[in-house]
Amino acid sequence: MHRLNAWLRRHPMVVDAAWAAIVLFFGLLPSESLTGWKFDAQIAIAVLLPALMVFRRRLPDVTVPAATLVGLGQVAANVDPAASSIAYLVFAYTGAAFGRTWTSRMALAAGLAAGPLVFWRMHPVKTHFADDGVTAVQTPYNVGEGALIMLLMSTPFILCWAWGRLTRVRRAYLTELEDRAARLERERDAQAKVAVAAERARIARELHDVVAHNVSVMIVQADGAAYVLDNSPQQAKEALGTIASTGRQALVEMRRLLGVLRTADTAEEYVPQPGVEELPELLEQVRTAGLRVDYATSGHPRELPRGVELTVYRIVQEALTNVRKHGGPDVHARVAVDFGERELAVLVEDDGRGSTDEQLTAGGTDGLGHGLIGMRERVGMVSGSLDVGPRPGGGFRIRAVLPLKTAH
């Protein structure tokens, strides 16, 4: 049944043709009251009106005026209404429901005039002269009764027009709802694509930080192990142990990161993202790799939003990775975290050889242009500011200021 209704809505002419066939059948029933040309006229009207009904929804601005002209011709020819005259009610509805503004107004005007015109034809006013020469008017009804009858005869047309108008408003409302639903669906799809792109960018930044930091530590340790392997097997063994532990830590962080791509059932297998509290462990790992780092905090340490915590950790991790790569031999770094009342300041500086102008112009000091770009994106996500550049007296300096709110 649902498929049938959907098919009929897609083919309105089929429904209109079925109703037109019913009107045609009753309009062609034999009538003994009419003879001659009036009978022929009534047959022609009985055929013409159903023919117009078939195309009423496809061509409302043509069929409604045509039906109006047929009705006026029927009144002018004084052809009595028949069963086919019910089609005029259909066209009053059609003009209001499907026609343009002028067609709807024409249908309303024709409906208002239908009652008086038919009443005038069925009950003509007769005049005659009395014996005293005065004109007398004879009507079968007085003025009040005639007005009431004309109103009652126009009422079906007005009701059909109002029904069509209501249908038009309802159809426009449904169309608006459908358009709104389609627009919301498009916006939802666009937002989903933006969210996917943002998540991919976040995962790329996380992978870069994890891989760049841990792999650089492993490379330094591997080079050191190869250098002391023959002369100091014990140091080589310790270096290999550091490589193994760093690799395991890298795997843990990558599992934690890729855990966001898994289902919620496996999310509890991964530890929370690192924060400020994990900085000492990070610095100890860096020291093990051979980089001298001093660490200091000031202010009143307190719980921070997870986004700020992760941003601080990744900035320090990326900055120290760059120091190991580009600081040169015997470089010394300093990390300072200042907990202010309304902001958190992170400072990472070194006394190495710094960065070239070309590297800064490329956006990062890792040779690929992703280091500082990733920092800027992270800081921008928490509405902070980032200041990077050469340090007076040599070396490089990175300072990030992050707005601070009490975590709830």
Side-chain angles (χ1 to χ4, degrees), residues 1-34 38-75 77 79-115 117-118 152-179:
M1 183 60 67
H2 177 72
R3 292 182 179 179
L4 177 61
N5 291 334
W7 186 87
L8 292 177
R9 284 195 297 269
R10 293 193 302 268
H11 303 82
M13 289 186 63
V14 175
V15 180
D16 294 335
W19 287 111
I22 296 175
V23 173
L24 177 64
F25 172 77
F26 286 102
L28 294 179
L29 291 178
S31 176
E32 299 178 356
S33 60
L34 295 178
K38 286 190 176 183
F39 176 80
D40 296 336
Q42 192 176 70
I43 295 299
I45 293 172
V47 174
L48 183 58
L49 290 179
L52 293 175
M53 284 180 61
V54 175
F55 303 96
R56 66 181 185 89
R57 278 190 276 189
R58 174 166 292 187
L59 302 171
D61 299 321
V62 175
T63 56
V64 172
T68 302
L69 292 177
V70 172
L72 292 175
Q74 184 175 352
V75 173
V79 177
D80 293 338
S84 59
S85 297
I86 196 173
Y88 295 122
L89 299 177
V90 176
F91 287 108
Y93 168 86
T94 301
F98 305 103
R100 298 182 181 177
T101 303
W102 66 268
T103 304
S104 177
R105 293 175 179 176
M106 175 184 290
L108 177 61
L112 291 172
L117 289 176
V118 174
L152 292 176
M153 296 179 70
S154 294
T155 297
F157 294 92
I158 305 305
L159 292 178
C160 289
W161 184 89
W163 184 19
R165 191 66 182 177
L166 180 63
T167 301
R168 187 189 198 96
V169 172
R170 181 175 177 272
R171 188 173 62 250
Y173 176 71
L174 293 178
T175 301
E176 182 180 357
L177 290 180
E178 292 176 356
D179 293 341

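Atoms considered below: every heavy atom in the structure, side chains included; atoms not considered: hydrogens, waters and symmetry mates.
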So salt bridge (Lys or Arg N to Asp or Glu O under 4.0 Å) across residues 82-97, not counting sequence neighbours, yields none
Heavy-atom closest pair (G115 atom, M153 atom, distance to 0.1 Å) is CA-CB, 3.8 Å
In this structure, CG of L49 is separated from CD of Q74 (nearest 0.5 Å) by 7.5 Å
Note to self: Please determine whether the number of non-hydrogen atoms from other residues, nucleotides or ligands lying under 6.0 Å from atom CZ of R105 exceeds 12.
What the structure shows: no
Closest heavy-atom pair, A114 versus F157, reported as atoms and distance to 0.1 Å, is CB-CE1, 3.6 Å
So P65 and W102, do their side chains get closer than 4.5 Å, heavy atoms only?
yes
N/O donor to acceptor pairs below 3.5 angstrom from side-chain atoms of residues 158-170, sequence neighbours left out:
residue : atom : partner : partner atom : Å
W161    : NE1  : S104    : O            : 3.0
W161    : NE1  : S104    : OG           : 3.3
T167    : OG1  : Y93     : OH           : 3.4
T167    : OG1  : W163    : O            : 2.9
R168    : NH1  : A96     : O            : 3.2
R168    : NH1  : A97     : O            : 3.4
R168    : NH1  : G99     : O            : 2.7
R168    : NH2  : G99     : O            : 2.6

Applying side chain to side chain contact (heavy atoms under 4.5 Å, CB included) to A46 and not counting sequence neighbours gives L28, S84
Contacts of S154 meeting side chain to side chain contact (heavy atoms under 4.5 Å, CB included) (sequence neighbours excluded), chain-then-number -> P116
Heavy-atom closest pair (P50 atom, I45 atom, distance to 0.1 Å) is CD-O, 4.0 Å
Compare all side-chain heavy atoms of L72 with those of L117 and state whether any distance is below 4.5 angstrom. yes
In short, side-chain hydrogen bond (donor to acceptor under 3.5 Å, both in side chains) pairs touching residues 18-28 with sequence neighbours left out are none
Exercise for the section: Give a yes or no on whether I86 atom CD1 has more than 12 heavy-atom contacts from other residues, nucleotides or ligands under 6.0 Å away. Expected result: no
Please tabulate, one pair per line, all N/O donor-acceptor pairs under 3.5 Å involving side-chain atoms of residues 51-61, not counting sequence neighbours.
residue : atom : partner : partner atom : Å
R56     : NE   : D16     : OD1          : 3.3
R56     : NH1  : T94     : OG1          : 2.8
R56     : NH2  : D16     : OD1          : 3.2
R57     : NE   : D16     : OD1          : 3.4
R57     : NE   : D16     : OD2          : 3.1
R57     : NH2  : P12     : O            : 3.3
R57     : NH2  : D16     : OD1          : 3.0
D61     : OD1  : R100    : N            : 3.0
D61     : OD1  : T103    : OG1          : 2.5
D61     : OD2  : R100    : NE           : 3.3

Between G95 and A107 the two heavy atoms that sit nearest each other are CA-CB, 4.1 Å
